[in-house]
Amino acid sequence: MYNKKIDEKWQKEWEEKKQAKFNKENVDKKYYCLEMFSYPSGAKLHVGHWYNYGPVDTFARFKKLQGYEVFQPMGFDAFGLPAENYAIKTGVHPYDSTMKNIDTMEKQLKAMGAMFNWDAEVITCKEDYYKWTQWLFLKLYEMGLAYRKKANVNWCPSCNTVLANEQVINGLCERCSSVVTKKDLTQWFFKITDYAEELLDGLKDLDWPEKTKKIQTNWIGKSNGTIATFKVEGKDLSFDVFTTRVDTICGVSYVVLAPEHELVPKLATKENVEKVNEYIEKCKLVTEIDRLAEDREKTGVFTGSYAINPVTGDRVEIWIADYVLSTYGTGCVMAVPAHDERDFKFALKYKLPVKQVIKPVDDERIDLTKEAYTKPGILINSGKFDNLTTEEAKNDITKYLKEKELGDFKTSYRLRDWLVSRQRYWGAPIPIIYCDECGVVPVPEKDLPVKLPYNVEFKPDGKSPLAKCKEFVNTVCPCCGKKAKRETDTLDTFVCSSWYQFRYPDNKNDKKIFDTEWIDKMLPVDKYVGGPEHAAMHLLYARFITKVLRDAGYTKVSEPFKSLVHQGLILGPDGNKMSKSKGNVISPDEYVNKYGSDVFRMYLMFGFNYSDGGPWSEDGVVSMSKFILRLERILDKILQLPDNDNNVINENEKDLLYVFNSSLKGITNDLENMQFNTAIAKIMEITNALYKYDKDVEIKNTKMLKELAKKFIVVFAPFTPHFAEEMWNRFGGEFSVFNQKYIKVDEKYLTKDTTELPVQINGVVRFKVEIPTNLDEKQIEETVVNDERLKKYTIDKEIKKVIVVKSRIINVVVK
RNA sequence: GCGAGUAUGGCGGAAUAGGCAGACGCACAGGACUUAAAAUCCUGCGGGCUUCAAAACCCGUACCAGUUCGACUCUGGUUACUCGCACCA
């Protein structure tokens with residue numbers, strides 16, 4: 001009887017016989033199947049890991065049976081805040097706790113029985129990995145893609161570190177939900193904005209969920225517009241504004257700069273400087289969460305200076321206001337209250353003029369005392385641009401500005417450079433040395449890795465823990481040999497995970513980050529599976545780094561993940577997200593121990609639509625256990641049937657073979673699309689058909705039956721690998737069932753002599769007819785029209801039309 | 001506010017390309033086996049109406065319209081929930 005012992009027996013056998021080994025000579029048939037690696041913050045695998053890895057392993061095994069050389073590696077994203085926070089709380093060193101967790105999780109992953117290639121394992125906190133993460137940093141530095149700048153950055157006061165924009169969720173820290181504040185710091189950035197256009201453009205060819213592509217598209221946030229230069233009246237100063245509605249430029253009634261804008265101190269006049277400074281100070285105190293609050297009242301202050309409209313020559317007030325973001329566009333906007341909602345509200349509050357320059361095309365009435373008219377229309381009050389449409393005017397006005405050298409077409413992106421410095425201990429040290437003589441000096445490649453020291457005081461106080469470790473900080477300059485200091489910040493863990501897909505296939509290379517020729521054979525990843533929460537961060541960063549490596553000449557690959565799938569989320573039995581505080585956490589171990597790993601995996605695959613997930617159900621697991629035992633009983637019964645000479649294929653045999661082959665066709669198709677739930681439904685149908693045959697037929701065709709059973713075992717093997725290996729063995733199959741060829745559909749059993757077709761009268765199904773499969777449409781129509789049962793629907797009526805959809809349906813229209 | 005998605009029995013969920021709504025499973029009910037229970041095997045199972053029973057008929061995929069011989073599926077609108085973005089100029 002299937003149980004946990006069977007799991008263990010075959011796991012041992014698979015390991016001994018290296019089932020998961022990747023045979024390099026078959027690389028032309030490679031299938032790189034990758035699941036997002038584990039983050040060993042908790043001590044154990046949770047249901048989410050299982051839901052990611054179990055079903056995908058089924059997919060990988062299916063690919064193996066189809067004849068692919070499957071590469072399915074596993075590893076650990078081992079640096080990061082949770083281990084460090086745990087250390088702060090308990091005093092256990094992050095390295096020790098992480099390694100212990102990895103040890104436990106490896107054991108659990110092995111007990112899952114997935115076909116992971118452990119020879120290819122990577123652990124990001126180990127020297128042989130982070131050496132290359134540091135190398136990657138140096139490469140970016142060399143290419144001018146890593147740079148240092150002072151910036152007003154997102155600061156989490158609880159984690160005591162800066163955060164990338166992507167890590168700020170609604171003004172809160174992604175990890176601890178503290179309110180994020182701002183801080184001026186000199187930090188390292190990666191120039192991801194250089195790749196904005198390509199990152200956007202590359203999306204269209206990817207086999208990714210549309211939603212994920214959309215998230216990335218929004219995140220990159222491309223918009224086409226115009227840049228226009230406003231000169232400051234009476235001063236030798238000017239500034240640029242970015243606008244997507246240059247057609248409204250004649251309606252500019254004031255301009256606004258972000259409070260952080262560098263020109264602001266020069267623009268504040270004597271009378272206004274006090275008010276301006278006061279306002280700037282006030283803005284600094286506003287937290288991200290307040291700033292984002294809906295319907296927040298707009299505030300601002302007049303600088304006392306005036307700007308000249310480059311088209312009309314009009315003189316307009318220069319204001320500063322924090323509704324203008326210093327980080328987008330140029331940090332300055334031209335305000336057109338008549339045609340922009342925000343400008344309108346602001347103008348109303350501060351009694352600034354409103355000038356209409358666009359009128360609706362079809363003369364919809366618009367009351368400009370109450371709201372702004374933001375739609376495109378026809379220009380008015382715009383001098384020589386009058387009567388142009390919005391689209392024409394955008395083009396003409398920009399060209400006019402360009403001629404006068406006061407503007408040009410311009411594309412802006414919402415995407416900002418990736419801030420990679422972290423003021424934390426548990427990460428890869430940034431390989432940079434600061435020398436009084438030579439300035440910023442990259443650590444030479446031969447000196448890598450810059451080792452993360454073990455004995456460090458990592459209690460957080462806003463400074464990098466490494467700064468307190470003298471042995472680490474103090475070094476000599478690789479250029480001049482004089483005393484110098486190391487960079488003490490570490491790299492964002494997303495840097496570590498942005499390139500791991502390249503390291504797996506060549507994880508032991510100690511000469512290079514990876515071998516280019518080999519990697520170009522192994523990449524891209526054919527199927528990448530992980531949670532949708534990584535849509536904007538990990539997946540964007542990994543694409544960026546791939547393009548950087550390509551441009552550095554290390555690979556030909558431009559996109560790392562050809563095809564992407566997101567699994568859903570398994571909720572607690574109460575329908576809420578699993579959390580300790582809610583007490584609804586399901587532990588996989590309990591179930592795996594009780595029912596076996598195959599049962600657990602089957603339940604996860606059968607109970608939900610894979611990409612939706614849903615609430616956990618206790619009953620579902622029990623029923624799945626029952627199903628596997630039911631399947632085992634009928635297979636054992638077939639196995640024990642004494643052989644006979646009955647070779648007939650009659651109706652019963654045909655029915656069975658029909659169910660088998662049509663289900664097989666469906667299963668194959670479902671697996672390709674990761675529709676595990678429907679695939680398992682079809683496995684159940686085959687099982688039910690075997691029971692039915694067993695019940696209905698006294699003298700069985702045992703030869704056919706036994707052959708069919710063996711084929712069936714191969715078909716369901718990816719779903720229940722241990723159980724299937726066991727059954728394959730019982731049926732005398734040679735090890736391993738996964739070395740068999742996937743079963744082909746036998747088309748001859750898919751066609752039946754007659755088909756039952758539903759007959760509709762005016763679109764409502766009334767009865768069914770048995771139609772020989774070889775009849776054509778005309779003959780089918782005749783059969784139906786002459787059917788006795790049709791008569792009662794045609795009394796006093798006339799048959800207007802008969803629609804025959806071959807092998808589907810017949811619709812008789814009567815009136 | 002903008003954008004995207006989802007909505008199907010008591011429950012989880014199915015339904016190529018517009019063609020039998022509810023596959024498969026859970027729960028429930030009945031039967032067989034059993035001294036009995038469990039397990040197992042078999043059967044039934046959207047609602048209504050009718051009936052000794054059945055056939056037949058009517059309603060039914062969030063709601064309201066539309067296109068079509070035919071709509072869970074396509075179009076327009078409404079509601080609810082989920083997700084993404086959010087003062088992006």
Side-chain angles (χ1 to χ4, degrees), chain A residues 169-170 209-219 221-223 225-226 241-246 248 255-256 258 291-296 298 321-325 327-336 339-343 345-346 412-415 532-533 535-536 603 606-609 612 614-624 626-627 629-630 633-634 663 665-666 669-670 673 675 677-685 687-688 691-692 694-695 756-768 792 800-815:
Chain A
I169 312 293
N170 292 328
E210 285 307 316
K211 193 169 177 169
T212 306
K213 291 195 199 181
K214 192 87 191 171
I215 288 171
Q216 295 216 345
T217 303
N218 290 341
W219 193 261
K222 179 179 180 174
S223 63
T226 299
V241 302
F242 174 74
T243 178
T244 53
R245 288 297 302 273
V246 76
T248 64
V255 291
V256 195
R291 202 179 64 76
L292 294 172
E294 257 179 77
D295 294 330
R296 179 167 165 252
K298 300 205 181 331
D322 70 351
Y323 82 84
V324 176
L325 307 172
T327 46
Y328 182 76
T330 61
C332 315
V333 304
M334 54 178 229
V336 188
H339 307 294
D340 182 281
E341 211 56 58
R342 290 155 310 182
D343 298 343
K345 279 188 189 148
F346 193 82
S412 259
Y413 299 90
R414 205 188 73 96
L415 183 71
E533 67 275 16
Y603 165 63
F606 183 64
F608 318 88
N609 173 313
D612 289 349
W616 175 266
S617 143
E618 188 77 24
D619 294 342
V621 189
V622 178
S623 78
M624 194 45 74
K626 286 184 181 175
F627 168 71
L629 298 177
R630 174 174 154 89
R633 275 192 301 275
I634 191 72
S663 299
K665 196 170 178 176
N669 191 44
D670 289 346
N673 298 306
Q675 284 160 8
N677 53 349
T678 50
I680 292 172
K682 283 157 198 150
I683 289 172
M684 289 170 168
E685 285 184 64
T687 309
N688 292 343
Y691 272 93
K692 185 169 164 32
D694 177 53
K695 181 183 64 139
E756 194 185 52
L757 288 184
V759 177
Q760 295 184 331
I761 315 295
N762 292 336
V764 184
V765 178
R766 294 298 179 184
F767 58 91
K768 290 173 184 175
K792 85 186 243 208
K800 287 272 175 201
K801 208 201 271 182
V802 179
I803 292 142
V804 178
V805 184
K806 216 174 172 233
S807 70
R808 281 213 183 265
I809 207 161
I810 297 133
N811 192 10
V812 184
V813 185
V814 295
K815 217 176 168 183

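Labels below follow one simple rule: chain letters A, B, ... track the order of the sequence lines, proteins then strands, and each chain is numbered from 1.
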Novice: Between A/W219 and A/L415, is any pair of side-chain heavy atoms under 4.5 Å apart?
Specialist: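 Answer yes - side chains close enough.
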
Novice: For B/G19 versus B/C26, give the span between their C1' atoms, rounded off to a whole number of Å.
Specialist: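 That atom pair is separated by 30 Å.
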
Novice: At 4.0 Å (heavy atoms only), tell me whether A/K222 reaches a base, stays on the sugar-phosphate, or touches nothing.
Specialist: nothing

Novice: Please confirm whether the shortest side-chain N or O distance from A/R808 to OP1 or OP2 of B/U16 is below 4.0 Å.
Specialist: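 So the side-chain polar atoms of A/R808 never come under 4.0 Å of the phosphate oxygens OP1 or OP2 of B/U16.
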
Novice: Please report the distance separating the P of B/A36 from the corresponding atom of B/G31, rounded so that it comes out in whole Å.
Specialist: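 Result for the P pair: 13 Å, nearest Å.
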
Novice: Please tell me if A/R766 has a side-chain N or O lying less than 4.0 Å from either OP1 or OP2 of B/C58.
Specialist: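 Answer is yes, contact under 4.0 Å.
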
Novice: I'd like the P distance from B/G77 over to B/C2, given in whole Å.
Specialist: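 Per the computed distance, 13 Å lies between those P atoms.
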
Novice: Above 12 or not: heavy atoms from other molecules or residues under 6.0 Å from NZ of A/K692?
Specialist: no

Novice: Quickly work out the A/N811 CG to B/G70 C1' distance and round it to whole Å.
Specialist: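 Distance check: A/N811 CG to B/G70 C1' gives 5 Å.
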
Novice: With P as the reference atom in both, quote the distance from B/A17 to B/U6 in angstrom, rounded to an integer.
Specialist: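 Per the computed distance, 15 Å lies between those P atoms.
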
Novice: From the set B/G3, B/C87, B/C69, return the single nucleotide nearest to any side-chain atom of A/D322.
Specialist: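 Within the option list, the nearest is B/C87.
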
Novice: Step by step, work out the salt bridge (charged side-chain N to carboxylate O under 4.0 Å, His left out) result for A/K682 and A/E685.
Specialist: CA-CA 5 Å; A/K682 283 157 198 150; A/E685 285 184 64; over 6 Å; no

Novice: In whole Å, what is the span from the CD atom of A/Q675 to the P atom of B/A14?
Specialist: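 Roughly 8 Å, once rounded to whole Å.
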
Novice: Please report the distance separating the P of B/A56 from the corresponding atom of B/A65, rounded so that it comes out in whole Å.
Specialist: 30 Å

Novice: Ignoring backbone atoms, establish whether A/R633 has a side-chain N or O less than 4.0 Å from OP1 or OP2 of B/A39.
Specialist: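 So the side-chain polar atoms of A/R633 never come under 4.0 Å of the phosphate oxygens OP1 or OP2 of B/A39.
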
Novice: Quick check on B/C42: is either OP1 or OP2 less than 4.0 Å from any side-chain nitrogen or oxygen of A/R630?
Specialist: yes

Novice: I'd like to know whether NZ of A/K298 has more than 12 heavy-atom contacts from other residues, nucleotides or ligands below 6.0 angstrom.
Specialist: yes

Novice: Would you classify A/T244 as touching base, sugar-phosphate or nothing, given that sugar-phosphate means primed atoms plus P, OP1 and OP2, and contacts are heavy atoms under 4.0 Å?
Specialist: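 Sugar-phosphate, backbone atoms only, no base.
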
Novice: If you only use heavy atoms from C-beta on, which nucleotide in B/C20, B/U40, B/C24 is closest to the side chain of A/P758?
Specialist: B/C20

Novice: Where the side chain of A/I215 is defined as all heavy atoms beyond and including C-beta, which of B/G84, B/C42, B/G3 is the nearest nucleotide?
Specialist: B/G84

Novice: In whole angstroms, how far is the C1' atom of B/A14 from the NZ atom of A/K682?
Specialist: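 Distance check: A/K682 NZ to B/A14 C1' gives 9 Å.
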
Novice: Using a 4.0 Å heavy-atom cut-off across all strands, classify A/K211 as base, sugar-phosphate, or nothing.
Specialist: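 Base: the residue A/K211, judged by heavy atoms under 4.0 Å, touches a nucleobase.
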
Novice: When you measure from the side chain of A/V765, which nucleotide among B/A23, B/A21, B/A86 comes out closest?
Specialist: B/A21

Novice: Looking only at heavy atoms, what is the nearest atom pair of A/M334 and A/V246, with distance?
Specialist: CE-CA, 4.3 Å

Novice: Could you work out which one of B/G25, B/A23, B/C85 sits closest to the side chain of A/W219?
Specialist: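 So the side chain of A/W219 is nearest to B/C85.
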
Novice: On RNA chain B, compare the nucleotides closest to A/E685 and A/K214; which residue's is nearer the 5' end?
Specialist: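 Between the two, 5'-proximity favours A/K214.
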
Novice: Please give, in whole Å, the distance from B/G25 P to A/I680 CD1?
Specialist: 12 Å

Novice: Would you say the base of B/C87 and the side-chain of A/K298 have a donor-acceptor pair closer than 3.5 Å?
Specialist: yes

Novice: Please measure how far the C1' atom in B/C63 lies from the corresponding atom in B/A15, and state the result in whole Å.
Specialist: 23 Å

Novice: Any base atoms under 4.0 Å from A/G329, or only sugar-phosphate, or nothing? Heavy atoms, all strands.
Specialist: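 No contact.
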
Novice: Would you indicate, yes or no, if B/A14 has its OP1 or OP2 atom less than 4.0 angstrom from a side-chain nitrogen or oxygen of A/N609?
Specialist: yes

Novice: Which part of the nucleic acid, if any, lies within contact of A/Q760, taking any heavy atom under 4.0 Å across all strands shown: a base, the sugar-phosphate backbone alone, or nothing?
Specialist: base

Novice: For the pair A/N762 (side chain) and A/V814 (backbone), establish whether a donor and an acceptor sit closer than 3.5 Å, ignoring hydrogens and angles.
Specialist: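 Confirmed, A/N762 side chain pairs with A/V814 backbone.
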
Novice: Indicate the atoms forming the closest heavy-atom contact of A/V324 with A/A258, along with that distance.
Specialist: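 Looks like O-CB, 3.4 Å.
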
Novice: Write out the stems for RNA chain B, ordered by first number and formatted as range with range, counting runs of at least 3 consecutive Watson-Crick or G-U wobble pairs under 3.5 Å.
Specialist: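 Output for stems: B:1-7 with B:79-85, B:10-12 with B:24-26, B:28-32 with B:40-44, B:46-48 with B:57-59, B:62-66 with B:74-78.
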
Novice: I'd like the C1' distance from B/U8 over to B/G60, given in whole Å.
Specialist: 10 Å

Novice: Can you see which heavy atom on A/F242 is nearest to which on A/Y328, and at what distance?
Specialist: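 Minimum heavy-atom separation between A/F242 and A/Y328: CE2-OH, 3.9 Å.
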
Novice: Touch check for A/V622, heavy atoms < 4.0 angstrom, all strands: base, sugar-phosphate only, or nothing?
Specialist: nothing

Novice: Counting only side-chain N and O atoms of A/Y691, is one of them less than 4.0 Å from OP1 or OP2 of B/C41?
Specialist: yes

Novice: Could you tell me how far apart A/I683 (CD1) and B/A23 (C1') are, to the nearest whole angstrom?
Specialist: 15 Å

Novice: Looking only at heavy atoms, which two atoms of A/I809 and A/L757 are closest? And how far apart?
Specialist: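 Heavy atoms of A/I809 and A/L757 come nearest at N-CD2, 4.3 Å.
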
Novice: Could you check whether any side-chain heavy atom of A/Y603 comes within less than 4.5 Å of a side-chain heavy atom of A/I680, counting everything from C-beta outward?
Specialist: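 In short, these two side chains do not touch, never coming nearer than 4.5 Å.
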
Novice: Once hydrogens and angles are ignored, does a donor-acceptor distance under 3.5 Å link the base of B/C20 to the side chain of A/K768?
Specialist: yes

Novice: Would you say a side-chain N or O of A/N677 is under 4.0 Å from OP1 or OP2 of B/A14?
Specialist: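 Answer yes for this pair, as a side-chain N or O of A/N677 is under 4.0 Å from OP1 or OP2.
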
Novice: Rounded to whole Å, how long is the line connecting atom CG of A/N218 with atom C1' of B/G5?
Specialist: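 Spelled out: CG on A/N218 to C1' on B/G5 is 13 Å.
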
Novice: With nearest nucleotide decided by heavy atoms, which residue, A/Y328 or A/G607, maps closer to the 5′ end of RNA chain B?
Specialist: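 Counting from the 5' end, the first nearest nucleotide belongs to A/G607.
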
Novice: Less than 4.0 angstrom between a side-chain N/O of A/S223 and OP1 or OP2 of B/A89, yes or no?
Specialist: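 Checking B/A89 against A/S223, a side-chain N or O does come within under 4.0 Å of OP1 or OP2.
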
Novice: Taking only the P atom of each, what is the distance from B/U51 to B/A55 in whole angstrom?
Specialist: 15 Å

Novice: Starting at CZ of A/F608 and ending at P of B/A14, how long is that distance when rounded to a whole Å?
Specialist: 12 Å

Novice: Glycosidic conformation of B/G9, syn or anti, with 90° from 0 as the boundary?
Specialist: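 In terms of base orientation relative to the sugar, B/G9 is syn.
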
Novice: Base, sugar-phosphate alone, or nothing: which one does A/V813 contact when heavy atoms must sit under 4.0 Å apart?
Specialist: sugar-phosphate

Novice: Can you name the closest pair of heavy atoms from A/P758 and A/V765 and give their distance?
Specialist: CB-CG1, 4.1 Å

Novice: So, under a plain 3.5 Å distance rule, would you say the side chain of A/D619 forms a donor-acceptor pair with the base of B/C26?
Specialist: no

Novice: Report yes if at least one side-chain N or O of A/N688 is closer than 4.0 Å to OP1 or OP2 of B/G25; otherwise report no.
Specialist: yes

